[in-house]
Amino acid sequence: MASTNSWTLELESKVSAPRKFRACVMDWHTLAPKLAPHVIDNAHHVEGDGGTGTVRHYNCGSAVPFNAMKKKVEFLDVDKCECKYTIECDGVETSTWNIKMKPTANGESVAIVECTSKGVQANDMMLKAKESAAEMFKTVEAYLIANPNAYN
């Protein structure tokens with residue numbers, strides 16, 4: 001019987017919600033291989049225009065417990081900095097990710113990431129994915145702080 005695993009991350013950031021969303025969500029396929037090749041080795045576009053319905057294939061690095069994944073955008077609201085996508089990968093039947101970047105009163109942001117996965121290996125794999133997601137958000141924040149004109 002397949003197990004189900006859910007987790008939530010809430011990460012504060014010194015970067016505004018729109019900048020963080022553009023880098024972490026809209027352009028992650030381009031940025032990840034540069035900033036975190038141990039998480040994403042490379043990515044390529046499969047279908048869609050970047051919005052809802054877009055599918056991208058990712059070849060994963062050593063920090064991720066699977067070799068490749070396919071990510072499909074199920075919902076996207078760029079103005080509200082929200083998205084939902086599903087991931088297909090080995091050992092996981094389904095993995096649904098909800099990401100929201102909320103602005104704070106001081107111009108910074110809070111990222112809320114919720115993930116629910118189902119599959120034979122979902123528990124172990126998704127706990128490692130949670131660690132990788134937290135690292136990714138921190139890596140992108142460092143990049144955006146060091147490059148204040150990026151993703152404006």
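By convention here, the first residue in the shown sequence is residue 1. Below, each value reflects all heavy atoms present in this structure, side chains not excepted, and no hydrogens, waters or symmetry copies. Small disclaimer: the values here were computed from a predicted structure and weren't measured.
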Taking everything shown except K100 itself, do over 12 heavy atoms lie less than 6.0 Å from its NZ?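 No, the 6.0 Å shell around NZ holds no more than 12 heavy atoms from other groups.
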Indicate yes or no: at least one non-hydrogen side-chain atom of [X] is less than 4.5 angstrom from one of [Y].
| X | Y | result |
| --- | --- | --- |
| E10 | V110 | yes |
| I145 | V15 | yes |
| V55 | K70 | yes |
| C24 | F137 | yes |

Would M136 and W28 count as a side-chain contact (heavy atoms from CB on, under 4.5 Å) if you check the C-alpha gap in whole Å, the side-chain angles of each, and the deciding distance to 0.1 Å? CA-CA 10 Å; M136 176 213 43; W28 183 238; 2.9 Å; yes
Between S13 and E108, does a side chain to side chain donor-acceptor pair (under 3.5 Å) hold up when you go through it step by step? CA-CA 6 Å; S13 175; E108 297 176 353; over 6 Å; no
If you group Ile, Leu, Val, Met, Phe, Trp and Tyr by side-chain heavy-atom gaps below 4.5 Å, do [X] and [Y] land in one group?
| X | Y | answer |
| --- | --- | --- |
| L31 | V78 | yes |
| V73 | I112 | no |
| V25 | L11 | yes |

Say you draw a straight line from [atom1] of [X] to [atom2] of [Y]; how long is it, rounded to the nearest 0.5 Å?
| X | Y | atom1 | atom2 | result |
| --- | --- | --- | --- | --- |
| E74 | T54 | CD | OG1 | 10.5 Å |
| R56 | M69 | CZ | CE | 11.5 Å |
| F21 | D77 | CZ | CG | 7.5 Å |
| H57 | H29 | NE2 | NE2 | 14.0 Å |
| K20 | L144 | NZ | CG | 7.0 Å |
| Y85 | S95 | OH | OG | 8.0 Å |

Between the main-chain N or O of Y143 and the side-chain N or O of N147, is there a donor-acceptor pair closer than 3.5 Å?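 Side chain of N147 to backbone of Y143: a pair is present.
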R22 side chain to D27 backbone, donor-acceptor under 3.5 Å: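 A pair under 3.5 Å: no.
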Nearest heavy-atom neighbours spanning [X] and [Y]:
| X | Y | value |
| --- | --- | --- |
| G50 | L76 | O-CD2, 3.7 Å |
| P103 | A17 | N-CB, 3.9 Å |
| A134 | L9 | N-CD1, 3.8 Å |
| H45 | G48 | NE2-O, 2.6 Å |
| S109 | T104 | N-OG1, 3.7 Å |

Over 60° means perpendicular and under 30° means parallel, so classify the ring planes of W97 and W7, tilted if in between.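 Rings of W7 and W97: perpendicular, as their planes differ by over 60°.
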